[in-house]
Amino acid sequence: MLPNFKYVRPGSVEEAIDHLTSEGARVHAGGTDLLGCLRDNVFGALKVVSINALDDLRGIRQTPDRGVRIGALATITQVENHELINERYKGLAMGASEVASPQLRNQGTIGGNICQKPRCWYYRGEFHCIRKGGNLCYAFGGENQFHCIFGSDKKCCIVHPSDIAPALVAFDARVRVSGHKGDRLVPIEKFYVLPGEDVERETVLEAGEIVTEIILPPIIEGTRSSYRKVRARRSWDFALAGVALALVLKGGKVESGRVVLSGAAPVPWRSHTVEKVIIGQKLDSKTITRAAETAVHNAEPLAKNSYKIPLFKAIIEEELTKIAIG
Amino acid sequence: MKASDKPYYLRGIPVPETPAPGKELHPWKETHVIGKPLSRADAYQRVSGAAIFPSDTLLPDMLYGAILRCPYPNALVKSVDVSQAERLSGVRAVITGSTPGADLKWTYLQGSSTKLFDPHCRFEGETVAAVAAETPYQAWDAVQTISVQYQVLPYTVDERSAIEPGAPKVHQPGNRVGQPEKYQRGGVEKGFSEADVVLEQDYRTECELHTPLELHGCVAKWDGDQLTIWESTQGVYGVQSKVAQVLALPLSKVRVVGHYIGGGFGSKLQPGKYTVIAALLAKAAARPVKLFLSREETFLSCGNRPPSNMRLKAGVKKDGTLTALQFSVTGTGGAYPAGGVSLVDWLIRDLYTCPNVQTEAIDIFTHTGPARPFRAPGHPQGSWALEQMLDALAEKISMDPVELRLKNIPAFSQARDGNPKYTTTGLRECLETGAKTFGWREALQRVRESGRAGHIKRGVGMAACLWVAGGGGPPSTIIIKLFSDGSANLNMGASDIGTGTKTVMAMVLSEELGLDIDRIQIENADTGTTQYATPSGGSKTVPTEAPAVRAAAVHVKQQLLAMAAEDLKTQAANLIIKDGEIVAASDPSKKIKITDVAGLKKRGVLVGVGYRGPNPKNKVTNPFGAQFCEVLVNTRTGEVEVVRFVAAQDSGRVMNRLTYENQVIGGITMGIGLAMTEFRVLDKNETGKLCNKNWHDYKLPTALDVPSDIVSVPVELEDSEANSTGAKGLGEPVTIPTAAAIANAVYNATGIRVTTTPINPVQLSLLLSEAKIKG
Ligand SMILES: Cc1cc2nc3c(=O)[nH]c(=O)nc-3n(C[C@H](O)[C@H](O)[C@H](O)COP(=O)(O)OP(=O)(O)OC[C@H]3O[C@@H](n4cnc5c(N)ncnc54)[C@H](O)[C@@H]3O)c2cc1C
Ligand code: SF4
């Protein structure tokens, strides 16, 4: 059952920000994640601030420098189907297409997607764990088959649930954050917070701040990108393991690029180790095998998720091979 | 009605002969309505939303109920303080175990009893208190203000460790539910010594939760001392008797209505504590109360298919003769006796010819919600072990797995006393027809030829089954009223649980009276207006009710012909019914319209009563089946795609080709759930609580997990003994072999035996990588 809250639907970003600085206020975009959290009493709300009247936050368009700007209220379906995104940022379109189910993609927004709350079943259940202000992580000693193998900082072993954020990290997107003090552009890699820094928050958003848009830099020629996801069933399910690639290939070699894992860590997990192995190299089978091996080299599997080791190896190998073929 | 107004399947067609009163009915030689792919009699209501499901019920003045449940798997309720809840606005009633009249006994399925609000809560989700308020929100808010002091006790939620010394006891004597159930014929040691190949393997199936779309619950209303309950149930009479017993009311004072139900799958064969609680709240508030549970509550307290831990040892000769089967299973029905291992060993006992069989079933108490029957209780679990074992034996003796099964077709039921014969056994035909339709040999050959190349491997697999019940039987009482305009009312107690029961019964009446289905009105599933019926379950509703409907229709015809014989001044035995007219067989000019029969006009109605007759003596009626499937496996990630399924099912006569297909597709879908996606997760190390209690974390198969290519092949053997319609049950056998067939196909593709459900990338990616390391 939902808590008892006030509902407001401001007409401007400024107004929205005002509302959001009040105690217990929550942003409501598509509501697909928010309402679940409220119903399951993951957190409460005194005021629900709908941002759906903020038309400036809609739409996807090219920026003057040939990058792309995605409004926070663009639906995941819009991202999935947008021509420019499919043409240039294929990995992002693929990531969007792997989210949840068609209904959720129609209703869910990209802003909500990158700000969504963890899916750890303890967090979502009646367990007062560290992330909710308690003093115990139930997952470390409990049912952790869907938890992380990197970056837990021995505090909280959630995985970041988004399929879109890893692709955004791979493309080095920036997130525009608006608040009382004005706007700032945060590289999405810096948008997320590891448990070691602050276990009770997932993003750098401060009270009263909202995401208004996401900016993709212009695409570098020779970029090849993809997103691959493995789930426990074939739809309507989060990643057991996923990988977003955005690699610039020149003269048969990887010139630059990023490799980002989903289902791996409390944040979209950039695999610097894999990047190191492949950058400057031809994507031949030896390099690819080595890349896959190193990807999981320093992983710290828990009692029930060691399957993620072969799984990540498999998809990194599979995807790099596909990228190499073109 | 003009002949040309008739639907195509009735045009110009005589209805079956009418046996003389008292004569036994034999199955139809030829049918004109039965077997056709007719859409549902209530299709419009269901599709348009006009159908009122129990959860749609809205009564004037109705309140909403909510239940406070224990959050711990094992705890003593020390005190309950409801004072704050009682003061909240909108709250009209609050009850606990100490409320006068609420201190009631309750038994889960069988045996040992507890209380409606027992101070010792033995599973998470056990009832502690309940509230009725003006709105659901007020009720829930009020429940949350009830303050309870629990003494939290140690728990055991895993049956694998619950009988270890020192494990917390669910009940004082210990965690074993009675003595292990044992079965033996011949001597397995002798059998193993005769075998050329002996294999032994452990298997496990995970616990599955019932997930009917419509939640469990009811609306309860009192008129004086008369209680009416609208409940989402598979059987209104089961609800009536339990509620009457718990509340010490005569049956006549309890009316239960359940015209529609949004799925049950076995979990709604019985009422729940919620039913009685709704009645008590309604009484306390003197207002009707609607009490439907949340999904979380049903996951905790409304049953499951228990987990099973099985070991099977099997011996076979080189020529495919099975020599011995030795089986043991350990399971749990939860905190109260609820059949935690029931029927898991049945297929091992009875599916294949084998002289030496020994089984042992150990049921264990755990601090978990009591099990309820789940579509084909026990069978898919046993099949998971037996059918994978047969696959492995076949490989060891280099025999086609279909061939191995064909070698061991039983002529009679070996596990039943007196070894009765089956009225029909279509196992051989299912295997042969299924294999042919699937193209089994060719498919196997293709897999062999596709060989090593690529990491996406193709595999095919199959499994066979029987279902222990499915023959139906008495009691059933049906009343048919033929009105003076020739339309009719069909009155039966049984529920249509979504399987098409109403449609099939209307077709039987239509067949017998030559009556258009649109002219039949069905009144069912209401203890106030129909006659006693057993709950719809066990794949017995068609073979139980259809013969009784037929008998009632024949009873109407006999009376009608007797009346017409008076009008036409002839013998009833000379008359036949054709196109709405009664005609003398010898002299076609001697005829009268049904609506002109004087007796019918005068009386206004003809009432026919039909009973379900006894089953044949010394025979059993069981459905059989064989399923074949093809999968694609990504041997790096362990992702499995089920590409196609063929199901050849012997369920006797096909009553409606469409509802038949529905059952097959539904059964396979559910089997895919067991094989590939579903598992209950309990936090066994730290709290004993249920982790996956929503539809995202508890993973049902989605549309993408189920192939669009599912072919149902009816193996329609004539069964003249089973009952007067020749139909056997279908709803359960169709889900029995599915999971094992998938496991066998995955083995065929990868060489890996997945012995624990579910086959998903979590498990398979690890197994594949281990296999690669071993080489
Ligand atoms: C059953 C299910 C399965 C799912 N599967 C997947 C999956 O496979 N992959 C995947 O990536 N996602 C998945 N999701 C998550 C889904 O994509 C998100 O729920 C959705 O994207 C959220 O968007 P929304 O607009 O509905 O957000 P809301 O629910 O409105 O908001 C989500 C959160 O973000 C905050 N928020 C929203 N917009 C902003 C903003 N502009 N600025 C600041 N904060 C904001 C809200 O306060 C809230 O906390 C699944 C969700 C469900 C319910
Ligand atoms: S993993 Fe994080 S969210 Fe989950 S129980 Fe541990 S602390 Fe809580």
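Letters go in sequence order (proteins before strands), and every chain restarts at 1. FYI, side chains are in, hydrogens and waters are out, and symmetry mates aren't considered; it's all heavy atoms of this structure.
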Q.
Among A:Arg228, A:Glu317, A:Arg119, which residue has the highest count of heavy-atom pairs closer than 4.5 Å to chain B?
A. A:Arg228
Q: Select one option (side chain, backbone, both, neither) describing which atoms of B:Asn634 are under 4.5 Å from chain A's heavy atoms.
A: side chain
Q. At a heavy-atom separation under 4.5 Å, does B:Glu641 approach chain A through its side chain, its backbone, both, or neither?
A. both
(Q) Within this structure, what is the CG-OH distance for the pair B:Leu768 and A:Tyr307, rounded to the nearest 0.5 Å? (A) 14.5 Å
Q | A:Arg233 side-chain N/O to B:Leu700 backbone N/O, donor-acceptor pair under 3.5 Å | A | yes
Q. Short question: side chain of B:Asp705, backbone of A:Arg234 - any donor-acceptor pair under 3.5 Å?
A. yes
Q. So what's closer than 4.5 Å to chain B heavy atoms on A:Asp40: side chain, backbone, both or neither?
A. side chain
Q. Relative to chain A, which segment of B:Glu124 carries a heavy atom at a distance below 4.5 Å: side chain, backbone, both, or neither?
A. side chain
(Q) side-chain contact (heavy atoms from CB on, under 4.5 Å) for A:Trp121 and B:Lys693? Distances and angles first, verdict last. (A) CA-CA 9 Å; A:Trp121 44 36; B:Lys693 53 184 183 178; over 6 Å; no
Q) Minimum heavy-atom separation for B:Asn685 to A:Gly141, with atom names? A) ND2-O, 2.8 Å
Q.
Please give me the minimum heavy-atom distance between A:Phe146 and B:Val762, naming the atom from each residue.
A. CE2-CG2, 4.0 Å
Q: Return the minimal non-hydrogen interatomic distance between B:Trp695 and A:Trp236, and the atom names on each side.
A: O-CZ3, 3.6 Å
Q) Of the listed residues (B:Lys689, B:Met676, B:Lys699), which shares the most heavy-atom pairs with chain A below a 4.5 Å separation? A) B:Lys699
**Q.** Polar contact flag, side-chain donor to acceptor under 3.5 angstrom, A:Tyr122-B:Asp683
**A.** yes
Q | Separation between NZ of A:Lys304 and CG of B:Leu766, rounded to the nearest 0.5 Å | A | 13.0 Å
Q. Got more than 12 heavy atoms from elsewhere within 6.0 Å of NZ, A:Lys132?
A. yes
Q: State the CG-OH distance between A:Asn4 and B:Tyr137, to the nearest 0.5 angstrom.
A: 10.0 Å
(Q) Between B:Leu764 and chain A, with a heavy-atom cut-off of 4.5 Å, which part of the residue counts as in contact: side chain, backbone, both or neither? (A) neither
Q.
Please identify, among A:Ala232, A:Gly125, A:Ser101, the residue contributing the most non-hydrogen atom pairs under 4.5 Å to chain B.
A. A:Ala232
Q. Between B:His696 and A:Phe238, which heavy-atom pair has the shortest distance, and what is it?
A. NE2-CD1, 3.0 Å
Q: Determine the option with the most heavy-atom pairs under 4.5 angstrom with chain A, choosing from B:Arg636, B:Glu686, B:Glu296, B:Gln144.
A: B:Glu686
Q | Closest approach of B:Pro761 to A:Arg231 (non-hydrogen atoms, all atoms of both residues) | A | CG-O, 3.5 Å
Q: Evaluate the criterion side-chain contact (heavy atoms from CB on, under 4.5 Å) for residue pair A:Gln145 and B:Cys691; output intermediate values, then yes/no.
A: CA-CA 12 Å; A:Gln145 45 271 60; B:Cys691 287; over 6 Å; no
Q) What's the verdict on side-chain contact (heavy atoms from CB on, under 4.5 Å) for B:Lys684 and A:Glu143, showing C-alpha distance, side-chain angles and the deciding distance? A) CA-CA 8 Å; B:Lys684 63 168 178 283; A:Glu143 296 298 317; 4.2 Å; yes
Q.
Between A:Ile315, A:Asp237, A:Leu240, who has the most heavy-atom pairs with chain B when the cutoff is under 4.5 Å?
A. A:Asp237
Q) Minimum heavy-atom separation for B:Pro136 to A:Met1, with atom names? A) CB-CE, 4.2 Å
Q) Checking heavy atoms, do the side chain of B:Val681, its backbone, both or neither come under 4.5 Å from chain A? A) side chain
